[in-house]
Amino acid sequence: MSDWIAFDLWNECARMERPGYVFEVKNEEGQSLFTGCTVPLRLPADWKSPPMVFRLIEEPKPRHSTPIPAPLQKP
């Protein structure tokens, strides 16, 4: 992982991109977002404070979801 970078430099994210890596963006409240380089960055609706810092991290491995349970049999 890289060091945290001030969000003021987000418009330079394209030169930092690498295959297999994504950006972690963090706001003042400690909420995190994993994203590619998109300028301007679209923030989640539930973020109440603006992004403060970002860093390049290894892309998280995909996870399998749990299977959907079978429908209940009607009597």
Side-chain angles (χ1 to χ4, degrees):
M1 283 191 269
S2 64
D3 293 329
W4 290 102
I5 301 167
F7 193 76
D8 296 342
L9 299 175
W10 179 250
N11 60 346
E12 299 177 23
C13 63
R15 69 177 180 82
M16 299 177 209
E17 280 186 306
R18 296 192 326 208
Y21 288 80
V22 294
F23 292 99
E24 179 181 10
V25 179
K26 197 174 262 194
N27 70 3
E28 193 173 79
E29 297 168 339
Q31 294 173 300
S32 287
L33 166 70
F34 297 140
T35 183
C37 177
T38 56
V39 178
L41 179 63
R42 296 190 65 178
L43 298 175
D46 64 342
W47 276 33
K48 295 182 173 122
S49 64
M52 300 298 289
V53 292
F54 70 97
R55 66 181 175 178
L56 190 65
I57 63 167
E58 190 173 346
E59 188 171 11
K61 303 285 186 243
R63 298 179 315 174
H64 290 283
S65 61
T66 55
I68 297 173
L72 294 174
Q73 297 295 326
K74 294 185 179 184

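All values below come from the heavy atoms of this structure, side chains included, with hydrogens, waters and symmetry mates left out. Quick caveat: nothing in here was measured; it's all calculated off a predicted structure.
Residue M16 holds its CE atom at 8.5 Å from CG of L56, rounded to the nearest 0.5 Å. Atoms CD and CH2, from E24 and W4 in turn, are 3.5 Å apart once rounded to the nearest 0.5 Å. A distance of 8.5 Å separates CG in L43 from CG in N27, rounded to the nearest 0.5 Å. Between atom CG of residue D8 and atom CE of residue M52 there is a gap of 8.5 Å, rounded to the nearest 0.5 Å.
The side-chain heavy atoms of F7 and P50, taken from C-beta on, include no pair separated by under 4.5 Å. Side-chain contact between C13 and I5: absent, with no pair of heavy atoms (C-beta onward) separated by less than 4.5 Å.
Tracing side-chain contacts under 4.5 Å through hydrophobic residues (I, L, V, M, F, W, Y), one never reaches L41 starting from V53; they form parts of separate clusters.
Annotation: salt bridge (charged side-chain N to carboxylate O under 4.0 Å, His left out) contacts involving residues 34-48, sequence neighbours excluded, are absent. The salt bridge (charged side-chain N to carboxylate O under 4.0 Å, His left out) contacts involving residues 60-75 comprise E58-K61, where partners must be two or more places apart or lie in separate chains.
Of all non-hydrogen atoms in K26 and S32, the two that sit nearest each other are CE-OG, 3.4 Å. In plain terms, the two heavy atoms of C37 and A14 that are nearest each other are SG-N, 3.3 Å.
More than 12 heavy atoms of other residues, nucleotides or ligands lie within 6.0 Å of CD in E17, so this atom counts as buried by the packing criterion.
Looking at residues two or more places apart in sequence or on another chain, you find a ring-ring contact (aromatic ring centres under 6.0 Å, His included) between F23 and W10, F54.
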